[in-house]
Amino acid sequence: MTQVPRGRFITVEGQDGAGKTTNLSVIRDALERSGIPIVQSREPGGTPWGEALRELILNYRDTDIVPTAELLTIFAARAQHIHQVIAPALSAGKWVLCDRFTDATYAYQGGGRGISLDAIALLEHMVQGQLQPDLTLLFDVDIDTGNARAQQRSTADRFESEQASFKQAVRTRYLTIAKQNPQRVKVIDASQPLEQVVREVRSQVNDFIRKVVGE
Ligand code: TMP
């Protein structure tokens, strides 16, 4: 019988300044060393249209964007991303490595903006059907450290400019998601020295690869 290829879907999450970007290349490297064909992408964005929406979502400041409009725009970009990039890659047997996905919506639009879980779950179901990440690495860091790191980078976007209470709510919601999904979501303490963080990331990814190969 012909084996139908099925890729795996890995997402990376965390508050701004938690060190996701540095570690995406560590994850990518670990996958490539194992000979796994990967497609790397990000949200919001991941397609030309989605990247145009990303710019509006992150940086449009001419009006106060109502949280529901923000939520719908994020899911609009996600629908296109799944259709154009994620689903085709997974069904071709490739692994998808994505910088943020729907956990970020629960954390930022749910925790941060106060949108109900039910509203997010409704759109999640409509846009994703059964699609869920197979592995999520959540980079967790306290708010002060995250702010200090994010400030070193560039001008702050609409989320980075939010108050400490918003950022705390994002972090709390992420940690709740991790507690509720311990099989899928692995929390990495990103306040540790970088070499230790990198070691943990490699070890989580390699454990996951071994598990998949053993299935
Ligand atoms: P980043 O990719 O540089 O981390 O920036 C993306 C920003 O978008 C980040 O501040 C979190 C935010 N975001 C949401 O608010 N909801 C979402 O669903 C996603 C994917 C990102």
Side-chain angles (χ1 to χ4, degrees), residues 9-25 27-28 40-47 49-61 64-82 84-86 96-117 119-128 131-133 136-141 143 145-177 185 188 190:
F9 186 21
I10 300 179
T11 59
V12 173
E13 299 279 359
Q15 323 95 263
D16 298 289
K20 263 180 321 106
T21 312
T22 318
N23 285 292
L24 274 161
S25 55
I27 300 168
R28 186 186 179 114
Q40 188 173 342
S41 196
R42 69 171 180 180
E43 290 214 348
T47 65
W49 186 68
E51 289 292 324
L53 293 178
R54 176 188 174 95
E55 184 51 32
L56 293 173
I57 294 163
L58 265 57
N59 295 317
Y60 192 85
R61 289 172 192 276
D64 268 347
I65 299 165
V66 68
T68 308
E70 183 179 278
L71 176 74
L72 291 170
T73 314
I74 286 167
F75 269 109
R78 181 163 298 141
Q80 188 64 25
H81 190 207
I82 292 170
Q84 202 176 325
V85 177
I86 300 176
V96 176
L97 172 59
C98 195
D99 184 351
R100 297 192 188 278
F101 194 62
T102 306
D103 292 324
T105 315
Y106 280 102
Y108 284 79
Q109 281 63 50
R113 302 276 191 234
I115 294 178
S116 77
L117 294 185
I120 300 173
L122 188 76
L123 290 169
E124 179 184 31
H125 183 69
M126 180 191 290
V127 167
Q128 291 167 226
L131 177 70
Q132 288 293 334
T136 298
L137 296 187
L138 170 60
F139 291 88
D140 178 59
V141 79
I143 302 305
T145 309
N147 276 346
R149 288 188 192 156
Q151 271 162 16
Q152 281 169 6
R153 291 199 308 244
S154 53
T155 47
D157 64 31
R158 289 177 56 251
F159 300 100
E160 288 163 342
S161 331
E162 283 292 342
Q163 309 165 10
S165 57
F166 178 97
K167 293 178 181 176
Q168 191 56 57
V170 168
R171 183 184 187 203
T172 303
R173 184 59 62 87
Y174 264 137
L175 291 172
T176 303
I177 294 169
V185 183
I188 310 273

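Remember, it's 1-based here, ligands and their atoms both numbered in the order they're listed.
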With sequence neighbours left out, write down each residue that passes ring-ring contact (aromatic ring centres under 6.0 Å, His included) with F139, or none if nothing qualifies.
->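 Partners of F139 under the ring-ring contact (aromatic ring centres under 6.0 Å, His included) test: none.
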Say you draw a straight line from CG of D157 to CZ of R61; how long is it, rounded to the nearest 0.5 Å?
->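 The CZ atom of R61 is 7.0 Å from CG of D157, to the nearest 0.5 Å.
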Within 45° cone of F101 ring axis and under 6.0 Å: R78 NZ or CZ |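 Yes, a cation-pi geometry holds between R78 and F101.
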Could you tell me which residues satisfy salt bridge (Lys or Arg N to Asp or Glu O under 4.0 Å) with R42, sequence neighbours excluded, listed by chain and number?
->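 Testing R42 for salt bridge (Lys or Arg N to Asp or Glu O under 4.0 Å), a comparison that skips the adjacent residues, returns E51.
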What residues, two or more places apart in sequence or in another chain, satisfy salt bridge (Lys or Arg N to Asp or Glu O under 4.0 Å) together with E124?
->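 So E124 forms no salt bridge (Lys or Arg N to Asp or Glu O under 4.0 Å) with any residue.
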Atom pairs, nitrogen or oxygen, ligand 1 to protein, under 3.5 angstrom:
| residue | atom | partner | partner atom | Å |
| --- | --- | --- | --- | --- |
| ligand 1 | 2 (O) | R54 | NH2 | 3.3 |
| ligand 1 | 4 (O) | K20 | NZ | 3.0 |
| ligand 1 | 4 (O) | R100 | NE | 2.8 |
| ligand 1 | 4 (O) | R100 | NH2 | 2.9 |
| ligand 1 | 10 (O) | D16 | OD1 | 3.1 |
| ligand 1 | 10 (O) | D16 | OD2 | 3.2 |
| ligand 1 | 15 (O) | Q109 | OE1 | 3.4 |
| ligand 1 | 15 (O) | Q109 | NE2 | 2.9 |
| ligand 1 | 16 (N) | Q109 | OE1 | 2.8 |
| ligand 1 | 18 (O) | R78 | NH2 | 3.2 |
| ligand 1 | 18 (O) | T105 | N | 3.3 |
| ligand 1 | 18 (O) | T105 | OG1 | 2.6 |

Charged N to carboxylate O under 4.0 angstrom, R113 versus D64?
->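 Here R113 does not pair with D64 in a salt bridge, since their nearest N and O are not under 4.0 Å apart.
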